[in-house]
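One structure is given here, and the rest of the page talks about it.
Keep in mind it's a predicted model, so treat the numbers as computed, not measured.
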Amino acid sequence: QAGLPRACATPLLPASVGASGHRPLQPRQSMEATPNGHSDPPVVSGGLAVPSDPPPPPRAPAAVVDLSRVASLAEEAAALEATATAFDSDDRPAEALPVYRLVVERLGAAVECCPEWHRDRRELVAHTSELRNRVVYLAGLNGRSASVPVERHVTIRQLTVTAMQGSIGSQALGFAAGCGAFAGIAFAGPRTALLLALGAVHATGRDDSAGHLTRRAATVGAQALSGAAQRAGLRLRKFDSRLALFRLGEMVFFARSLLPRRPSVI
């Protein structure tokens, strides 16, 4: 069996974060220390101070969370791992090894895309570590048969991320915030609307019974609102303006016929 099911499927980490969840050490710039413990002063040329090393480039901003990308990478890794596990179970380590390495590459990319707050990130990191151990073991066999089964190194893990998880979550948060803001505007004022909107968003993100109930209600409300908007869009596309003007004209003439007529003066 594959370590990740194919059915597992979606706010990205900076590229400097590795698959293990830690930032790799950045190489230090080469500087020669002076006797007083400081680095060499910049070279002076023509009365202008010229630094010995160019300044480091600015860091790129963190990417936007994309859970659909995490789901896609996890599905690719699950399909590849099924193939690698089949080779491994048939005692064909030479064929399983390159496929395992591809799985580790896909899972590493999924870990980089998965936000730290998501529960599946821990599962992805642990499973990547297990597959790395299996790769090291198979690479050390040097053509011999594997005496340790794959189940000793790799365990089955279930993911919860889906391709629609990110969009559904954003819709639920927007619906909850909109309901809070509308209630505040209707009964009090803009300050109360802001407070209620923030409170609704906070309640939606809670990890307890109240948060689960709020998320469920917000998700159902957002889906109902989205369906109503789609139906309204279809009706508007089928709407004929000429027919509407014709109906409006009929209503105007009918209203005028109901008005009392003034007697004509000769």
Side-chain angles (χ1 to χ4, degrees), residues 1-27 59-170 207:
Q1 294 181 354
L4 288 174
R6 297 195 61 178
C8 69
T10 275
L12 298 172
L13 289 178
S16 59
V17 180
S20 60
H22 302 283
R23 294 182 179 272
L25 295 178
Q26 300 293 335
R59 289 185 178 181
V64 181
V65 171
D66 187 7
L67 292 180
S68 61
R69 176 64 176 166
V70 180
S72 176
L73 290 171
E75 288 181 351
E76 294 179 11
L80 290 172
E81 189 175 349
T83 303
T85 305
F87 288 150
D88 200 354
S89 300
D90 294 341
D91 199 10
R92 297 155 66 183
E95 300 179 22
L97 190 58
V99 185
Y100 273 134
R101 287 171 176 162
L102 289 177
V103 176
V104 171
E105 180 183 353
R106 296 293 191 279
L107 290 180
V111 170
E112 292 183 357
C113 296
C114 188
E116 294 183 357
W117 52 262
H118 202 282
R119 67 180 65 179
D120 286 349
R121 179 180 172 82
R122 185 182 307 170
E123 300 292 332
L124 290 171
V125 171
H127 196 65
T128 305
S129 178
E130 293 174 351
L131 290 173
R132 283 200 179 104
N133 293 335
R134 188 64 181 178
V135 168
V136 172
Y137 171 75
L138 294 180
L141 293 177
N142 296 324
R144 300 188 302 270
S145 299
S147 59
V148 179
V150 63
E151 289 80 9
R152 293 283 299 274
H153 288 151
V154 182
T155 58
I156 299 176
R157 297 178 183 272
Q158 181 69 40
L159 300 182
T160 61
V161 64
T162 60
M164 295 297 296
Q165 198 172 69
S167 60
I168 293 176
S170 61
D207 192 12

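- Counting heavy atoms from C-beta on, the side chains of Leu73 and Leu107 never come closer than 4.5 Å.
- For Arg152, the side-chain contact (heavy atoms from CB on, under 4.5 Å) criterion is met by Val148, Pro149, not counting sequence neighbours.
- Across Asp120 and Thr160, no two heavy atoms sit closer than the pair OD2-N, 2.8 Å.
- Shown here for Pro115 and Arg121, the closest heavy-atom pair between the two residues is O-CD, 3.5 Å.
- Sequence neighbours left out, not one pair with a member in residues 69-97 passes ring-ring contact (aromatic ring centres under 6.0 Å, His included).
- Residue Ala146 comes nearest to Leu138 through the heavy atom pair CB-CD2, 4.3 Å, listed as atom of the first residue, atom of the second, then distance.
- Residues satisfying the side-chain contact (heavy atoms from CB on, under 4.5 Å) test with Ala86, not counting sequence neighbours, are none.
- When atom types are taken as modelled, the side chain of Glu81 and the backbone of Val103 share no donor-acceptor pair closer than 3.5 angstrom.
- The ring-ring contact (aromatic ring centres under 6.0 Å, His included) analysis of residues 140-162, with sequence neighbours excluded, yields the pairs Tyr137-His153.
- Scanning for salt bridge (Lys or Arg N to Asp or Glu O under 4.0 Å) contacts around Arg106 gives Glu76, with sequence neighbours left out.
- Residues passing the salt bridge (Lys or Arg N to Asp or Glu O under 4.0 Å) test with Glu105: none are found, sequence neighbours excluded.
- Looking at heavy atoms from C-beta onward, Arg134 lies in side-chain contact with Asp88 at the 4.5 angstrom threshold.
- Residues Glu130 and Val154 share a closest heavy-atom pair of OE1-CA, 3.8 Å.
- To the nearest 0.5 Å, atom SG of residue Cys113 and atom NE2 of residue His118 are 12.5 Å apart.
- Residues Leu159 and Leu124 have side chains in contact (heavy-atom distance under 4.5 Å, counting atoms from C-beta outward).
- In plain terms, the two heavy atoms of Ala96 and Ala84 that are nearest each other are CB-O, 3.5 Å.
- How far CD of Glu151 is from OG1 of Thr85: 8.0 Å, rounded to the nearest 0.5 Å.
- Ser89 approaches Val150 most closely through the heavy-atom pair OG-CG1, 4.4 Å.
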